Structure formats: structure tokens, C-alpha cells
Amino acid sequence: MIEKLDELFVIFKEKLAPLSEQSDVLNLKAEYLGKKGPISDVLKSLKDATNEERKTIGSKANILKTEMQGLVNTKLQGIELATINKKLDENKIDISMRNSISVNDTNHGSFHPVNIIQREVEDIFISMGFEVLDGTHIEDEFHNFEALNIPGDHPARDMQDTFWFHDPHGPEEKKKLLRTHTSTIQVHGMTERKPPFKFIGPGKVFRCERTDASHEMVFHQLEGMLVGENISVSNLIYFMKTLLSEIFKKEVEVRLRPGFFPFVEPGFELDIKCLICGGKGCSVCKQVGWVELLPCGIVHPNVLKAGGIDPEQYNGFAFGLGLDRLVMMRYGIDDIRHLHGADLRFNSQFKDY
Ligand code: PHE
């Protein structure tokens, strides 16, 4: 009997060794250790054996059973580990492949040129201590016009052809519109903080205009506002010059002209020498050689009042940078309509930026 048990154990080990599937191992376990297996047979046959035999063979059989069970468990664990390792190997990402030809061949996304420039401008202002604020596209008349010193009958409303939402059920004063400029962010920004403060607010703006090489119905501005005590035009010029030299990484020629905006007094237009034609005249600069880029000025006292700020104590400057024009000057794009044409051949040119 003892020899038979030893023999069984040897055969069991031989059969177990080559198995690599969990189900095969479980079948072998059932075959040997199950109720109808050879070990059970041996134990059953002990009823006719002597006391002495029962003791030695019984305990030997139980020891073998435990050992077999142990071997089965070790085998099963090994198989589980091998399965996990295999899966990990299959899903492995080789990060050193990032720049290899096969990865570059795939069509990966990239930032839109307007976003590239917007992020750069944000970084420049953040480094000068400005906050970056967000605003909503849908606004009311108060934030888009009234608080900015443009009352209902003011001719300046015509300068900004507005997309109105006509709510047939709503009262007149609840009329909503698509913001025509990011100056709405000035109004929200002022009412939410106490001077001194400085922030920028980038975003899309909307105007019901005919499109041409330098006009779109949807375009991007980046508003800026700084409020404190004794702020002067020279402070404004300093910030604008810093911005432009950082963006273009070279000296650009600028000129300051008087400009009219009801929310600044005095108001200016900061133009840069057209970088598309070098000042000779082209469709982007409308043949004048200069491009309007940065309308700006000293914040009108009425605007400060509307924002809950005492104009006797505080003053400040504001500007509205035209992001699309900046993009066009930087990359030499001669038609603003390319920016929103959704033509992937255009967009994919900026993948490396
Ligand atoms: N909001 C003005 C526009 O869209 C630009 C501007 C902003 C002018 C801030 C002066 C100060 O035309």
C-alpha cells in the first residue's frame, strides 16, 4: 500500500508539471483528490486493514493529500501570475517610442493657433501679476453696454453690430445678446474685487458683420484692466510694449493714435507696422501698412462708478487686444477666415508649436 501511494504521488507530480491551463490543473486535482480518486480508494480500503496498517497508511495518505493540495495551489498561483504578466506585456507602452516615425505617422491633435497665442499672452500677463478671468458668451445689455458708458441711445452701439436673442416672452430689460467685446469681463471683474487689482479676460466675441480678409463674425479678444491709484498713460504704454516685444521676440514698430471708445478717456488705438507686407500695404492692413491691434485707454470714471469703485480715489487703464490679428501677424496668415475654416490642412501646420 505504502509503495502504491508513493507511486501515485510520483505520477501525480509528473502529470502536474507540464500543465499550463487552470482548467487542466483543476481536472487533475479532481481526478486524484476527489471522492472517487485513488487516494480515497486507498483510504476506503483501510476498513479491512489492521489497526497498525490503518495508522501508518492512513497518516501517509493524509500527508500525501496535503502535499498534493499544496502543489496544486502553487501551480495555480504560478498560472495566474503568468497570465497577468502576459497581459501587462501585451499592453506595454514604450514611452521611448514617442518620437519614432511610427508614432508621428498617426494623426494626433494639436492646439489651434489662436489657443497657442492666447496661452502665451496669458503667461506673459501672469508673470506680471495679472489674474486670468473667464466670462460668458451670452450677456445682457447692462454688462455689454450700459455699465461701459454706452447708454441705449448712444451712437457707439451701432459701431458694434449686435446679435440679439429675442425672447418673445421676456420683458424688454431682460433682453440677451452675444457679447460684442470682452469688455463685459471688466464689469464683472470690477464688481467682484476691490482695488488695487489687475486682470485679463480672453475669449470669443461676436458681431453681425460682413466678413472679409480682416473681419469675421466670431473672433477673439483679450481684455485687460488694471485699477489702482495714480495710474497714467505711461503705465499703459509700458505694459503694452512689454507684451508686444515678448510676443514677437523682436522690435516691432508701433504708433499710438487717438481712438474713441465710450468706456475710456482718453482712448487710443495702438497700431503695429503690418508684418505681412512690412508696411507696404496689403489686404490685411487694408493697404495702409499699419494694423489696429490694441485699442486701449484710461478707464472712464462712469465705468468705475458702475463697477462700485470711487473714481475720486482710483483710476486705471483697460485694453482689448485682438488675438486673431496677433496670430495673423505672428504666423504670416493673410486672411482671418482661415482661422475658423475648419480646414485640417491649415490647422495641422501648427502641430509643432
Ligand atoms: N472693447 C473694445 C472693442 O471691442 C476694445 C477696447 C477695450 C477699447 C478696452 C478700449 C479699452 O472695440
Side-chain angles (χ1 to χ4, degrees), residues 114 118 121 125 130-133 135-137 139-151 154-163 177-190 197-209 214-228 231-233 235-241 243-244 254-272 286 291-304 306-307 309 311 314-326 336:
V114 173
Q118 181 183 318
V121 177
F125 279 105
F130 282 68
E131 289 175 76
V132 181
L133 306 187
T136 52
H137 293 166
E139 274 288 2
D140 53 29
E141 281 188 280
F142 177 76
H143 289 89
N144 199 81
F145 294 122
E146 258 132 66
L148 291 161
N149 201 29
I150 316 175
H154 199 286
R157 288 212 180 189
D158 295 339
M159 282 161 57
Q160 305 195 347
D161 300 299
T162 310
F163 285 111
L177 51 90
L178 282 174
R179 70 175 175 202
T180 58
H181 51 181
T182 45
S183 301
T184 52
I185 299 175
Q186 285 189 33
V187 184
H188 292 288
M190 270 187 300
F197 56 75
K198 46 190 186 296
F199 57 76
I200 54 166
K204 278 193 170 63
V205 297
F206 308 83
R207 292 199 197 165
C208 187
E209 283 185 332
S214 55
H215 292 89
E216 258 287 19
M217 284 190 270
V218 182
F219 54 103
H220 299 82
Q221 289 185 334
L222 187 136
E223 196 76 12
M225 188 177 212
L226 179 148
V227 173
I231 306 300
S232 68
V233 175
N235 296 129
L236 168 65
I237 293 172
Y238 165 78
F239 277 101
M240 300 305 104
K241 273 201 161 162
L243 165 71
L244 293 174
V254 299
R255 69 175 189 190
L256 210 57
R257 297 179 284 128
F260 173 70
F261 304 94
F263 33 95
V264 284
E265 181 57 40
F268 307 101
E269 287 281 6
L270 193 145
D271 301 340
I272 65 166
K286 299 199 205 92
V291 177
E292 281 178 26
L293 194 66
L294 249 169
C296 51
I298 298 295
V299 182
H300 195 288
N302 286 353
V303 175
L304 292 172
I309 294 166
Y314 298 105
N315 70 343
F317 65 72
F319 59 89
L321 177 66
L323 279 180
D324 309 74
R325 297 220 175 130
L326 196 59
I336 192 172

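By convention here, the first residue in the shown sequence is residue 1. Only a predicted model underlies this, so the values are computations on that prediction, with no experimental measurement involved. Just so you know, ligand 1 is whichever comes first in the structure, and atom 1 is the first atom listed for that ligand.
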For ligand 1, run through the N/O pairs with the protein that fall under 3.5 Å and put one pair on each line.
unit_1, atom_1, unit_2, atom_2, d
ligand 1, 1 (N), H181, ND1, 2.9
ligand 1, 1 (N), S183, OG, 2.9
ligand 1, 4 (O), R207, NH2, 2.9
ligand 1, 4 (O), Q221, NE2, 2.8

Q186 vs H181, side chain to side chain donor-acceptor pair (under 3.5 Å): CA-CA, chis, key distance, verdict: CA-CA 10 Å; Q186 285 189 33; H181 51 181; over 6 Å; no
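Residues passing the side chain to side chain contact (heavy atoms under 4.5 Å, CB included) test with K204, sequence neighbours excluded: H137, F206, V218, H220. By the side chain to side chain contact (heavy atoms under 4.5 Å, CB included) test, T162 pairs with F145, W164, L177, T180, sequence neighbours left out.
Between I185 and R179 there is a side-chain heavy-atom pair separated by less than 4.5 Å.
Under the side chain to side chain donor-acceptor pair (under 3.5 Å) criterion, the residue pairs touching residues 257-268 are R257-D271, with sequence neighbours excluded.
Once rounded to the nearest 0.5 Å, the distance linking CD1 of I231 with CZ of F239 reads 8.0 Å.
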